[in-house]
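Right, one structure below, let's go through it.
Here the structure is a predicted model, which means the values were calculated and not measured. Chain A is the first sequence line, chain B the second, and so forth, proteins listed ahead of strands; every chain is numbered from 1.
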Amino acid sequence: MTDLVKITVDGREIEVPAGELVIKAAQDHGTYIPRFCWHPRMKEVGMCRMCLVEIETPRGTILTTSCTTPASAGMVVHTASETTKKAQAGILEFLLINHPLDCPVCDKGGECPLQDQTMAYGPGESRFVEEKRHFEKPIPISDLVFLDRERCILCARCTRFADEIAGDPLIEFKDRGNHTQVQTFPDLPFSSYFSGNTVQICPVGALTASAYRFKARPWDLRRVESSCSHCTVGCSIAVEASRNDVLRFNGVDNDATNQGWLSDKCRFGFEFIGSENRLRTPLIKVDGEFQETTWADALDLVAERLGSIIEEHGGEAVGGIGGARSTNEDAYAFGKFMRTVVGSNHLDAQLDDGLDARFLAGVSPRAKIGDLDHAAAILLWAPDLKEESGSLYLRVRHAVQEGGAKLVVIHPRRTGLDDRATHKLTYRPGQGFGLLADLAGGEGDYAAVLETLSHGPVVAIVGRTGLTEAPELAEAVAGFALGLPDATVLPFARRSNVFGALDMGVAPSLLPGRVAADDAEAMAQLEAVWGPIPTHEARDTLGILEGLAVGDLKALILLGADPVRDVPDATVARRGIEAAEFVVAIDLFLTDTNQLADVVLPAEAFGEKEGTVTNLEGRVQKVNRIVTGPGQSQADWAILDDISRRLSKPLAFASAEAICKEIADVAPAYAGMTWELLEWDEKEGAVVPYGEAVQPLIHHPAAADRKALEAMSRQPSSGAFALHLARTLYDDGVLMRNSLSLHALAPGAAVHLHPEDAGRLGVTEGALVEVKSVDASIRLPAVLDSSLLTGVVYVPFNQPWTPSLGAALSVVVAAGKEVSA
Amino acid sequence: MSLWPADVQERAKELIGRYPDPKSAVMPLLYLAMRQDGYLTEAGMGEVAGWTGHTPAQVQSVATFYGMFKTEPLGQYLVSVCTSISCMLLGGDDVLEAVEEATGVPHGETDAERLFSVEHVECLGACGGAPAVQVNYELIEGSTPDQARALCRWLQDERPEVVNTDDMQERFGGRRSFDWAIAESENAVGPYPAFGPYGTTPGGEV
Amino acid sequence: MSHAQVLFARMAEHPTDSHTLVMYEATGGYVQARRAMDMTRDEIVELVKTSGLLGRGGAAFSAGLKWSFLAPARPAYLVVNGDESEPGTFKDRQLLERDPHQMIEGIIIASVANEVREAFIYIRGEYPKPARRVQQAIDEAYAAGYLGKGIFGTDYDLDVTVHLGGGAYICGEETALINSLEGKRGEPRLKPPYFPAAKGLYMMPTIVNNVETVSNLPHIFEMGTDDYRALGHATDTGTFLFSVSGHVKEPGNYELPHGITWRELIFDVAGGMREDRGLKAWIPGGASAPWFVPEHHLDLEITKEATGAAGSMLGSGAVVVMDETTCVVKAAERVVRFFSHESCGQCTPCREGTTWLEMILRRIEAGSGRPIDAELLLDVSDNISPGLTWPPKQTTICPLGPSAVSPITSVAKYFADELRQHIVQGGCPLD
Ligand SMILES: Cc1cc2nc3c(=O)[nH]c(=O)nc-3n(C[C@H](O)[C@H](O)[C@H](O)COP(=O)(O)O)c2cc1C
Ligand code: SF4
Ligand code: SF4
Ligand code: FES
Ligand code: FES
């Protein structure tokens, strides 16, 4: 803990941490000192000089910048003396002499620090009669961001963000002195995954977002805080809307999660909410065509079909997939619906692309995101965080850069954090087990890596590096990691509320509240509230799809899930769904999967409903409503509740909040977790189990020995390549497809291969390559990628206009034959 | 993959080797890049980025901070006239005018032929020999409008491959800041300072 | 009047080969560096402190004291500041060009004193000839075993690298220089916390000294501190190089002791006014310094203290003399233009304020001055340097911004009428 010192600000004595910058210390005690360049999450540069204050020193009173002066005992600060006021007015006058003052047509007008501070601290009229500086009006610096250099006040927030925080120094100052301007290099745009943050932190309207330009005036916007739904970090965001349109997401500084930053996917990924492709009415399929219908007719049909299947084949003939995109309340309703109304244990929130549910829900000891800041070493054996979780990527970067953590990255190819890694190990998919055995052995080259990891605290971020990777690897890695000093594991999976859905028991092996389904005692307690729960063997997503394909299962309920796109093996998904007698989908869009359904019911999206979500560290946060859903869309829980009534087994939920209370009652790890708590006491969210609550399922992954590991190792079949199949930030997922600003940014289909392999195959950069798996044969343009090992090809998953390859480890690769146009 | 010939790459490596951090070599390499293309091209900046570990945007940021890394095409002769205080007091503005007139090139510009670039500059550290002029950074002290005109005419007519400070001072100079005394053997070949280690001298040819 | 020549002695006596190693050694060169090899850091630092040597780069800070502040972390670096770009200053150029070994010997001494194994000489890009001379001398010193591995047969390694600037005066400021050497924009760093002796080049302890400062070291060793001190004035020891330019008959660099008067410097040493015109004003210590005028300052002693008390400074020793034909508005515009052009652009007041001042002065000079402009000039100046005091206060990171204010306050103080005439007559009254 830092010592507290007493300082005096404008005659008032306050106690602040020694060394805290005066600007922050004063603000925390209610004295706001104006500023432009200083940002609490970036290093101080003292450039704008707006925060000048007078400080009494032994050598007399000096005028100095409060953003660069650390508080020390006995310091006396004047923030509003005559000298200070004159200096601040002077700075504002200087900033305004070259400012175009085009506020009426500026997006920032109404929420502009320059405007506000000019009102508060500025001079009256400008005495500047000379010619202003001129630049070409807004120029695009990336696909998402425009720059107006005339409005820029050269505070370097954007350039520092790009360099210090994002690690993408693609915008920089150009020229010098009065000619200084922010610029990119010609033909090298600011194509950072984090570019939108610069729009948010620009203190003037110099940087604007193409998704928001001219859409609204700040004073027309309503605002609500929420938790972002694009990955499992659950970044805090402000959702802003005008009339019934969501127009903007901004990052909110939550110290526990995103510290104010958002990736562009999250910032601009709001567009899907207002998409005209959203479902507005229930649809039923008549003669192979969807027809709009009423809720009553649609629900009657669902109840009738489900009812007769259940009657004829039993509840276990029905499977349920989804819930990872829903709130905890919706997911809980789904689980309860499947287990008690339908009478089936076949339900899964993961789409065969995740990890063992007990591992994700119960791994222990589990790390918090904030633990990264104090880690001595970080082991990252997980997907490329830059592609799958932007804010976690930034947090790890920060932990290494500022916290001094040593980073070990283990991955089949280049990742965004390699440049910050002390050690980077690259391996062939399938052979992670062998590598783990070598690492644990610590012989030869691995000695140094092991030594780095032998200083605690160690935080291990463990996930599935790619979709062809065996999920068991994560368990083994976590087992190894937990043997390191003072180690904790942060389990990584990517789909928004997957951790919440698993905690709500939407998995074959789990019951609500981090309870193993085979925990008889807990089961009995739950049955006391729920009524009887079926006892048959439960299937996961793959099991459900396979069961449908062979007729063991007859019906499928989809809750915001798109297996045809998201299950790695699309063929299996399609086959199962096509074979099903009856499929009902609750969703936002008519996805590739829903096209195959019999009934599609329109659901409410993020921003249209209230509830809670749980992130990868187990932090529960509130999501809030700001607009109403389009057409006749309904909350997931309400739809399920309606169906349950028609099946004469009413769930009888009163509201989402009431469901939350029920969760707090029946789900042990969620005891005490109420909306009230999150709205009043724990604004940064609360990590479960909270307070007195206990978590019944404690999962300690076990370290495996070399023999066991080597037994699990897999090789591609002879002559074949090992396939690395991994997601990119922007892809062809349904939310991306309906966020127009982002969809175009998907990198597109390609096959990456090592230059040596390319040479052997006679393939050059850009040439078409034939990639054959058991299920498919597709032609992809080649990208030479020396970050791969030889014998490995990387194919980005789910790209626009690309058929699925399936997820088998082995693929056969050959130079593509020319196709005539 | 470098666009530079092998010997230039060797020199780049040598320059980088002089510093504890490759990023420090950015300025020497920028001169080296100017030597290759006659001015600082985008490709040149990209090349320097590759060698030093900066991004191209960072290299551009550094290059444009300084006055001598010119990102526009330059003439064979860069004529710089000092119009800072000491030179101004002794007629530097008139010398500038004479140069503009003799070359037909206004300051800040380059002629279509790319023979002359003309600029006015701040103090050249030759105030005791004001007004001062440089051709490709080689100094002439104690200039006058007439001598400046003669200098330009000479450059135009003779088109010397290299320029030498003593030679030009002898022909077109006047009072010096101090006794130069020792004849200078090195010459300049283009609009960048001639310095052996940077490969910008005639010997540094490739 | 003749004064002891120390730094300029060799080049005066051996004009054609003072720059060579042979001549340098023939005249006692590198003996002192060898001596230093056998001394401890503390002994050398103490010696230099006792000598009273003040930095010659402008700030006149005790060299020995600066060295004593060197933080313990290693490696430590030495950077010799040869960026010399302040209008009126050209003395380092002469030292670099005419006696480079003198500086190199100083570098060896300073390196040993500060446990430096890698030194850099930052020479402004517009000085290719001085850079070439220095490089030749360095090559000679390497060949002789005075630089490189195991210098003078000891186990001490010392590398020296010449780094050419790119045309930016601000890189003379030591923290900007360090950024520039790191391959960054030459923007000054925040002080605190980035005092070079604590966190300098690559965030390691770094000593930055001017070319002239370093060139003094061999002489301090050779003469001993008493004789060295005796060369100069009680508080300003040794000799000092003055660069005299402008409207004098004999402009040039002069090596002088402190303590003579301005009258002696301008009228005796520099030969008096060109064409015997009247003296109107002079800048006593480089473009940043407030001006002096004959009515008040001609018989002042040239010392750091007397100059400071009279509201100006000796700075880097550049004296720019203006005769009665000089338009002070134009002269001020030229000086302000320099600072505006050389502003690194980080600080709002310097970036915007200096340019604004330049524009106003140019407009007045062109005949479009407004009555409020005289006051506006001062108020804009006040927003860059609050109170318009001497030494200046600053709203900026480094002193460059406030430097631009000196000519304005000088004109306001001594030539208010001439400024008013410009505005009233709509042009220059001297034209
Ligand atoms: C704007 C500015 C420009 C400067 N230019 C130079 C310069 O060209 N040469 C120099 O030696 N010092 C210059 N200085 C002073 C340096 O910052 C530093 O004090 C000096 O190099 C230290 O050396 P010394 O102690 O030997 O004088 C400048 C300072 C400022 C604020
Ligand atoms: S664009 Fe905005 S954030 Fe960037 S420097 Fe200019 S004012 Fe600052
Ligand atoms: S005062 Fe001027 S030169 Fe100095 S740091 Fe500020 S802007 Fe740069
Ligand atoms: S906020 Fe302190 S200088 Fe900009
Ligand atoms: S003022 Fe021209 S060289 Fe110094």
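The contact between B/Ser84 and chain C is made by backbone and side chain atoms together, counting heavy-atom distances below 4.5 Å. For chain B, the nearby part of C/Tyr202 is the side chain; its heavy atoms alone come within less than 4.5 Å. In this structure, chain B has heavy atoms under 4.5 Å from both the backbone and the side chain of C/Ser180. Interface remark: C/Arg337 contributes backbone and side-chain atoms alike to the contact with chain B (heavy atom separation under 4.5 Å). Heavy-atom distances place both the backbone and the side chain of C/Glu187 under 4.5 Å from chain B. In this structure, chain C has a heavy atom under 4.5 Å from the side chain of B/Pro197, while its backbone stays farther away. Looking at B/Leu139, only its side chain comes within 4.5 Å of chain C, counting heavy atoms on both sides. Heavy-atom distances place both the backbone and the side chain of B/Ala126 under 4.5 Å from chain C. Using a 4.5 Å cut-off between heavy atoms, B/Thr83 contacts chain C through both its backbone and its side chain. Looking at C/Val248, neither its backbone nor its side chain comes within 4.5 Å of chain B, counting heavy atoms on both sides. Using a 4.5 Å cut-off between heavy atoms, B/Asn164 does not touch chain C at all. At a 4.5 Å heavy-atom cutoff, the contact between C/Glu126 and chain B is made by backbone and side-chain atoms alike. For a residue to count as touching a neighbouring chain, one of its non-hydrogen atoms must lie under 4.5 Å from one of that chain's; by this rule B/Glu184 touches chain C with backbone and side chain alike. Proximity to chain C is limited to the backbone of B/Ala183, based on heavy atoms less than 4.5 angstrom apart.
Between C/Arg132 and B/Glu138, at least one side-chain N (NZ, or NE/NH1/NH2) sits under 4.0 Å from a carboxylate O, which counts as a salt bridge. Checked for salt-bridge contact, C/Glu275 and C/Arg277 meet the test: a charged N lies under 4.0 Å from a carboxylate O. Ion pairing between C/Glu365 and C/Arg334 fails under the 4.0 Å rule for side-chain N and carboxylate O. The pair B/Asp7-B/Arg11 does not count as a salt bridge, with every side-chain nitrogen at least 4.0 angstrom from each carboxylate oxygen.
In this structure, CD on B/Gln156 lies 11.0 Å from CG on B/Leu151, to the nearest 0.5 angstrom.
Chain B forms the most heavy-atom pairs under 4.5 Å with one residue out of C/Glu97, C/His19, C/Glu342, and that residue is C/His19. Taking chain C as the reference chain and counting heavy-atom pairs below 4.5 Å, the highest number among B/Ala188, B/Ala181, B/Ala25 is found for B/Ala181. Of the residues considered (C/Glu118, C/Lys184, C/Arg133), C/Arg133 shows the highest number of contacts with chain B, using heavy-atom pairs under 4.5 Å. Ranking C/Gly186, C/Ala331, C/Ala12, C/Gly345 against chain B, the residue ahead of the rest is C/Gly186, based on heavy-atom pairs under 4.5 Å. Counting heavy-atom pairs under 4.5 Å between each of C/Pro75, C/Cys327, C/Ser85, C/Gly246 and chain B puts C/Gly246 at the top. In terms of non-hydrogen atom pairs under 4.5 Å with chain B, the most contact-rich of C/Glu333, C/Glu250, C/Glu84 is C/Glu250.
Remark: aromatic rings of C/Tyr122 and C/His163 are close, center separation under 6.0 Å.
Proximity to chain B among residues 164-171 of chain C is limited to C/Leu164, C/Gly165, C/Gly166, C/Gly167, C/Ala168, C/Ile170, C/Cys171, judged by heavy-atom separations below 4.5 angstrom. Below 4.5 Å, heavy atoms of chain C meet heavy atoms from B/His120, B/Val121, B/Glu122, B/Cys123, B/Leu124, all part of residues 114-124 of chain B. Within residues 87-94 of chain B, the residues having any heavy atom under 4.5 Å from a heavy atom of chain C are, by residue number, B/Met88, B/Leu89, B/Leu90, B/Asp93.
In this structure, a donor-acceptor pair under 3.5 Å is present between the side chains of B/Tyr192 and B/Arg35. A donor and an acceptor atom, one from each side chain of B/Ser2 and B/Glu47, are located under 3.5 Å apart. Checked by atom type, the side-chain pair C/Thr325/C/Asp323 shows a donor-acceptor distance below 3.5 Å.
Here the closest heavy-atom approach between residue B/Gly128 and residue C/Pro251 is recorded as O-CG, 3.5 Å. When every heavy atom of C/Pro15 is checked against every heavy atom of B/Asp179, the shortest pair comes out as CB-OD2, 4.4 Å. A pairwise comparison of heavy atoms in C/Ala289 and C/Ile283 identifies O-CG2, 3.6 Å as the closest pair. In plain terms, the two heavy atoms of C/Trp291 and C/Ala332 that are nearest each other are CH2-N, 3.9 Å. Listed here is the closest heavy atom pair of C/Thr354 and C/Ser340: OG1-CA, 3.3 Å.
Surrounding CD of C/Glu324 are more than 12 heavy atoms belonging to other residues, nucleotides or ligands, all under 6.0 Å away.
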Distance-only donor-acceptor hits, side chain of residues 87-94 of chain C, under 3.5 Å, sequence neighbours excluded:
residue	atom	partner	partner atom	Å
C/Thr89	OG1	C/Glu86	O	2.8
C/Thr89	OG1	C/Ser316	OG	3.2
C/Lys91	NZ	C/Arg56	O	3.2
C/Lys91	NZ	C/Asn210	OD1	3.1
C/Lys91	NZ	C/Glu212	OE1	2.8
C/Asp92	OD2	C/Asn210	ND2	2.9
C/Arg93	NH1	B/Gly125	O	2.8
C/Arg93	NH1	B/Glu141	OE2	3.2
C/Arg93	NH2	B/Glu141	OE1	3.4
C/Gln94	OE1	C/Asn253	ND2	2.8

